[in-house]
Amino acid sequence: MTIVDTPERRQLRELTRAFVTKEVLPYLDDWERAGEVPRSLHETAAKIGLLGIGFPESVGGSGGDLLDSILVTEEAIRSGGSSGLIAALFTHGIALPHMVASRDDGLIDRYVRPTLAGTMIGALAITEPDGGSDVAGIRTCARRDGDHYVVNGSKTYITSGVRSDFVTTAVCTDFPGSGSLSLLVIEKGTPGFTVGRRLEKLGWHCSDTAELSFVDVRVPVANRIGPEDTGFLAIMQQFATERLSLATQAYATAQRCVELATRWCRDRSTFGRPLASRQLVRHRLAEMHTRAEAARAYVHDVAERVAAGEPVVTEVAMAKNVAVAACDFVVDAALQLHGGFGYLRDAEVERHYRDARILGIGGGTTEIMNEIIAKGMGL
Ligand SMILES: Cc1cc2nc3c(=O)[nH]c(=O)nc-3n(C[C@H](O)[C@H](O)[C@H](O)COP(=O)(O)OP(=O)(O)OC[C@H]3O[C@@H](n4cnc5c(N)ncnc54)[C@H](O)[C@@H]3O)c2cc1C
C-alpha cells in the first residue's frame with residue numbers, strides 16, 4: 001500500500017467496515033428503492049466519528065486528513081457499500097470545505113458543526129441547466145441590496161439537494177457569465193428558494209439529486225463565504241479533493257468488482273469445470289485486478305502529494321481519468337463474467353455497473369480532465 005499504514009488507519013478501516021456491515025448493508029436495497037438514505041444514518045456515522053474524518057476537531061470534525069477520508073471511502077465500498085452511498089452520506093465533503101477554509105466562525109458554527117454532528121445536511125450547487133463544465137459561465141446571479149444579496153437563477157443535478165438544509169451555491173456577483181463568482185450559503189425555507197423534482201437516474205439511486213430554483217431569494221451578506229469574487233478560486237481549490245474522492249470511488253468500485261467476479265468464477269462451473277479454471281477467464285481477472293491496483297497506487301500517490309500541499313492539478317486530473325477508465329473496464333468485465341445473473345437487480349455487480357457511469361461525468365468530465373492535462377503539458 002502506498003498510503004502509510006498506521007495503527008490508527010487500521011482502526012479507521014475496521015470502524016468503517018463495521019459501520020457498513022451493521023448500519024448499511026441490511027438496508028441499502030431499501031434506500032436504493034426509496035431514492036435516499038435516512039437522516040438517522042448521518043447521525044449514526046457522526047456518533048462514531050466517521051462523518052467528521054478529514055475535518056479538523058476545531059470545526060467539529062474528527063481530525064485526520066485527505067488520506068484518511070480516502071481510506072474511509074475505499075473501505076466503505078470494498079465492504080459492500082457503493083459510490084452512491086458515498087455521494088449521499090458524504091456530500092458534506094464538497095459542501096463544507098470552502099467554509100472551513102474561510103475560517104468564518106459564524107458560518108462554521110451555523111453550518112459546519114451541525115453537519116459534522118449529523119444533524120444538518122448540506123449540498124454544493126455549481127451546475128446549471130445551461131452547463132456544468134464551464135464554471136466561469138455561471139448565470140445564477142446575486143445582486144447586492146444593503147446587507148443582503150438577491151439571488152435569481154437555477155441549479156441542476158445537485159446531490160443531496162432534496163434532503164439538504166442548506167446549499168453552498170455558486171453565484172455570479174457581476175453580470176451573468178462574467179466569471180466573477182462568489183459562494184453563498186442558502187438555507188432551505190428561505191422565501192423564493194424551491195427544490196424541484198427529485199431527478200431519476202441510471203445509478204446512484206440511494207443518492208437524491210435535485211433541481212433548485214431561486215427567485216428573488218434574499219440571502220444575508222453574512223452567508224457569503226470569503227470575500228466577494230473569490231468563488232471561482234475557492235471552487236477550483238476544492239476540486240482536487242472532490243476529484244480524488246471520485247477517483248477513489250472508481251478504483252474501490254473496481255477492486256470490489258474484481259473480488260465479486262473472482263468469487264463468482266471460482267463457484268460457477270460451465271461445461272463441467274469452474275470458470276476460474278479457464279485461462280481466458282483467469283487472464284481477464286488478472287487484467288481487471290492489475291488495472292484496479294495500478295489505479296489505486298496512482299491515486300494514493302497523487303493524494304499524498306495533495307495532502308503535502310504540492311500543486312498537482314494536472315496529476316489530480318490524470319488520477320481521476322486513470323481510475324475512471326480502470327473502473328469502466330472492470331465493471332463491464334465483471335458483469336459479463338456473471339452472465340445473466342450480472343444483469344439482475346439481485347447482483348451487487350449490477351449496481352456497481354450503473355453507479356460507475358457517473359464517475360467520469362461528475363466533478364469535471366473526462367474531457368475536461370483531458371483539457372487540464374493538455375494545459376499542463378503546455379498545449
Ligand atoms: C448524479 C449527478 C450528481 C451530480 N452532483 C452535482 C452536485 O452535487 N453539484 C453540482 O454542482 N453538480 C453536480 N453534478 C453535475 C456534474 O458536475 C455535471 O453534469 C458535469 O460537470 C458536466 O456538466 P454538464 O452536465 O452540464 O455537461 P456539459 O458541460 O454540457 O458537457 C456535455 C459534454 O460535452 C463535453 N464538453 C464540454 N466542454 C467541452 C470542451 N471544451 N471540449 C470537449 N468536450 C467538452 C463534456 O465532457 C460532456 O461530455 C451532478 C451530475 C450528476 C449526473
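Position 1 is the first residue of the sequence; numbering continues from there. All ligand and atom numbering here is 1-based and tracks the order in the structure. Just so it is clear, the structure is predicted and the values come from calculations on it, not from any experiment.
Taking only nitrogen or oxygen atoms, main chain and side chain alike, I94 does not reach within less than 3.5 Å of ligand 1. Annotation: E128 places no N or O atom under 3.5 Å from an N or O atom of ligand 1; distance criterion only. Checked by distance only, ligand 1 and E371 stay at 3.5 Å or farther apart across all their nitrogen or oxygen atoms. Remark: ligand 1 and G362 share no N or O pair separated by less than 3.5 Å (distance only, no angle test). Residue contacts with ligand 1: E367 is placed with a nitrogen or oxygen under 3.5 Å of a nitrogen or oxygen of the ligand (distance criterion only). On a distance-only criterion, T127 and ligand 1 share at least one N/O pair closer than 3.5 Å.
No side-chain donor-acceptor contact under 3.5 Å links N152 and T140. Remark: the Y111 side chain and the E187 side chain contain an N/O donor-acceptor pair separated by less than 3.5 Å. Defined by atom type and a distance below 3.5 Å, a donor-acceptor pair is missing between the side-chain atoms of S269 and R273. Judged by distance alone, the side chains of H289 and R284 never bring a donor and an acceptor atom under 3.5 Å apart. Using modelled atom types, one finds a donor on one side chain and an acceptor on the other under 3.5 Å when comparing K201 with T209.
Under a 4.0 Å N-O distance rule, the pair D174/R143 does not qualify as a salt bridge. Salt bridge annotation for R345-E350: present, with a cationic side-chain nitrogen under 4.0 angstrom from a carboxylate oxygen. Under 4.0 Å is where a charged nitrogen must lie from a carboxylate oxygen, and between D145 and R218 at least one such pair does. With respect to D165 and R39, a salt bridge is recorded, a charged nitrogen being found less than 4.0 Å from a carboxylate O. Under 4.0 Å is where a charged nitrogen must lie from a carboxylate oxygen, and between R163 and D208 at least one such pair does. For D5 and R9, the salt-bridge test fails: no basic side-chain N is under 4.0 Å from an acidic carboxylate O.
When the heavy atoms of I361, L199, D355 are ranked by distance to atom 21 (O) of ligand 1, first place goes to I361. Evaluated by nearest non-hydrogen atom to atom 31 (O) of ligand 1, the leading choice among G131, S133, S160 is S133.
Protein heavy atom in closest approach to atom 3 (C) of ligand 1: T159 OG1, 3.3 Å. Nearest to atom 26 (O) of ligand 1 among the protein's heavy atoms is G132 N, 2.6 Å. If you check which protein heavy atom lies closest to atom 53 (C) of ligand 1, you get I358 CD1, 3.2 Å. Protein heavy atom at the shortest distance from atom 39 (C) of ligand 1 is I368 CD1, 4.0 Å. Of the protein's non-hydrogen atoms, Y157 O, 3.1 Å is the one closest to atom 13 (C) of ligand 1.
Counting protein heavy atoms under 4.0 angstrom from atom 42 (N) of ligand 1 gives zero. Protein heavy atoms are found inside the 4.0 Å sphere centred on atom 7 (C) of ligand 1. For atom 47 (O) of ligand 1, the nearest protein heavy atom is under 4.0 Å away. Less than 4.0 angstrom separates atom 28 (P) of ligand 1 from at least one non-hydrogen atom of the protein. When distances from atom 51 (C) of ligand 1 to the protein are checked, a heavy atom turns up under 4.0 Å.
Note that the NE2 atom of H300 and the CD atom of E74 stand 4.0 Å from one another [nearest 0.5 Å]. We find the OG1-CD1 distance between T230 and I225 to be 9.0 Å, quoted to the nearest 0.5 Å.
For residues 200-228, the set of pairs meeting the ring pair (Phe, Tyr, Trp, His ring centres under 6.0 Å) definition, not counting sequence neighbours, comprises F193-F214.
Only the backbone of L124 comes within 4.0 Å of ligand 1, judged by heavy-atom distances. At a heavy-atom cutoff of 4.0 Å, ligand 1 is contacted by the side chain of T365 but not by its backbone. At a 4.0 Å heavy-atom cut-off, ligand 1 does not touch K155 at all.
Atoms of ligand 1 lying under 4.0 Å from any heavy atom of G363, numbered from 1 in the order shown and given with element: 17 (O). Under a 4.0 Å criterion applied to the non-hydrogen atoms of K201, ligand 1 contributes the atoms 1 (C). Below 4.0 Å from some heavy atom of I126 lie the following atoms of ligand 1, by number and element: 10 (C), 11 (O).
Distances from ligand 1 to the non-hydrogen atoms of A123 include no value under 4.0 Å.
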>> One pair to check against salt bridge (Lys or Arg N to Asp or Glu O under 4.0 Å): R351 and D29. What are the steps and the verdict?
In response: CA-CA 10 Å; R351 186 174 65 233; D29 285 344; 3.7 Å; yes
